[in-house]
Every structure is written in C-alpha cells, then in structure tokens.
Amino acid sequence: MAKLLLLLLSLAGLAHATNISSCGGSAQVNTADIKVTGCEQPSQPCTFHKGRMATIALPFTPTSQISTVKAEVHGIIGGVPIPFPLQNSDGCRNSGLTCPLVAGEQYTYQASLPVRKIYPSIGLKVKWELKDGSNSLVCIMIDVKLE
C-alpha cells in the first residue's frame, strides 16, 4: 500500500512538472512551486477558460540585484510566438514585487491574463517571461488548453 501511494504521488509530481517547465533565465526557479490557474490538477494540459482570467504566482530567487522587471507572455502556436497582452507588464508595480530585487532573496511575481472569448479553442504552449532589460530573469513554458 505504501509503495502504491508513493508511486501515485510521484506520478502526480511528474504530471505537474510536464505542465510547467523552465525555458531559461538567470534566477533560480522551482517549477513545482509555481501556481497557475487551471494547473491545480495533475492533468495535462492546464486549462484556461475563455472569458475568465488566468493567474500566476511565480516564486523565484534572483542571483544578482535586479532594478527592473518586465513581463512578456506569448502563445506558441505552430512554433510561432503570438503576444498576449498583459494589463500590467511592469513587474515592479502591482505584481507583488518591489524593485530593486536583492540577490539571494525569494520573491513571488503575481499576475493575471485575460483569456478572451474570441480566442480559438486550441492547445498551445504559453511562454511567460520576466526580463531585466534584455536579459531573461525567469522563463517558463506552460502546456495549455483554451476552452
């Protein structure tokens, strides 16, 4: 029984890990700690419901002092990045961050993204990136299904 429980917990962790993955950046990120709307269940892919907001809470630890943070979100459809508009792309305002960020301290970026009803019902990857100038601070990819 204990082995079965351990196996099920391991599989649940693997399912979450495949929904959200790192695509680079200089900060330390544990993808298992990231909370995204529609990714609560260990199912693949995450589900974003049209007409609602998709939210993210992304904890990270910068490895150097950071003075500015800009968020960029793209849907990757057929290998082509399509920008998703954010209501606030300045990560230092209204996102749980206060710049400058100190190296070695953990911060949590929080944001919402409207999932418009006009979006097609498709599966795609969402690339959510935090940048310090032109340098990638955090980059994650999320497997998403729009419905």
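Quick note: residue numbers are just sequence positions, from 1.
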> side-chain contact (heavy atoms from CB on, under 4.5 Å) between Gln87 and Ser112: does it pass, once the steps are laid out?
Replying inline: CA-CA 8 Å; Gln87 294 175 347; Ser112 297; 5.5 Å; no
Distance-only, no hydrogens or angles: does the [X] side chain make a donor-acceptor pair with backbone N or O of [Y] under 3.5 Å?
| X | Y | result |
| --- | --- | --- |
| Tyr107 | Thr98 | no |
| Asn88 | Arg93 | yes |
| Ser95 | Gln110 | no |
| Thr37 | Ala54 | no |

Close side-chain approach of [X] and [Y], heavy atoms under 4.5 Å:
| X | Y | result |
| --- | --- | --- |
| Tyr109 | Leu130 | yes |
| Arg52 | Val115 | no |
| Pro83 | Glu72 | no |
| Ser22 | Gln28 | no |
| Ile34 | Pro59 | yes |
| Leu113 | Trp128 | yes |
| Leu97 | Phe60 | yes |
| Leu124 | Leu146 | yes |

What are the two closest non-hydrogen atoms of [X] and [Y], and how far apart are they?
| X | Y | result |
| --- | --- | --- |
| Pro85 | Pro114 | O-CD, 4.1 Å |
| Ser67 | Cys92 | O-SG, 4.1 Å |
| Met141 | Lys127 | SD-CB, 3.5 Å |
| Pro81 | His74 | CB-CD2, 4.0 Å |

>> Could you walk me through whether Thr55 and Val36 satisfy the side-chain contact (heavy atoms from CB on, under 4.5 Å) test, starting with their C-alpha distance in whole Å, then the side-chain angles of each, then the deciding distance to 0.1 Å, before giving a yes or no?
In response: CA-CA 6 Å; Thr55 61; Val36 177; over 6 Å; no
>> Applying a strict under-4.5 Å side-chain criterion to I, L, V, M, F, W and Y, I'd like to know whether Met53 and Val144 cluster together.
In response: no
>> I'd like to know if Asp143 and Lys125 make a salt bridge, using a cut-off of under 4.0 Å between side-chain N and carboxylate O.
In response: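 Yes, charged N to carboxylate O under 4.0 Å.
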> For the atom pair CD1 (Ile20) and SG (Cys46), what is the distance rounded to the nearest 0.5 Å?
Replying inline: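 Rounded to the nearest 0.5 Å, the CD1-SG separation comes to 5.0 Å.
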>> Measuring from atom SG of Cys139 to atom CD of Glu129, what distance do you get when rounded to the nearest 0.5 angstrom?
In response: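 It comes to 4.5 Å.
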> Does a donor on one side chain and an acceptor on the other come within less than 3.5 Å for Thr61 and Gln106?
Replying inline: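 Short answer, no.
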> Ring centres of Phe84 and Tyr119 under 6.0 Å apart?
Replying inline: yes
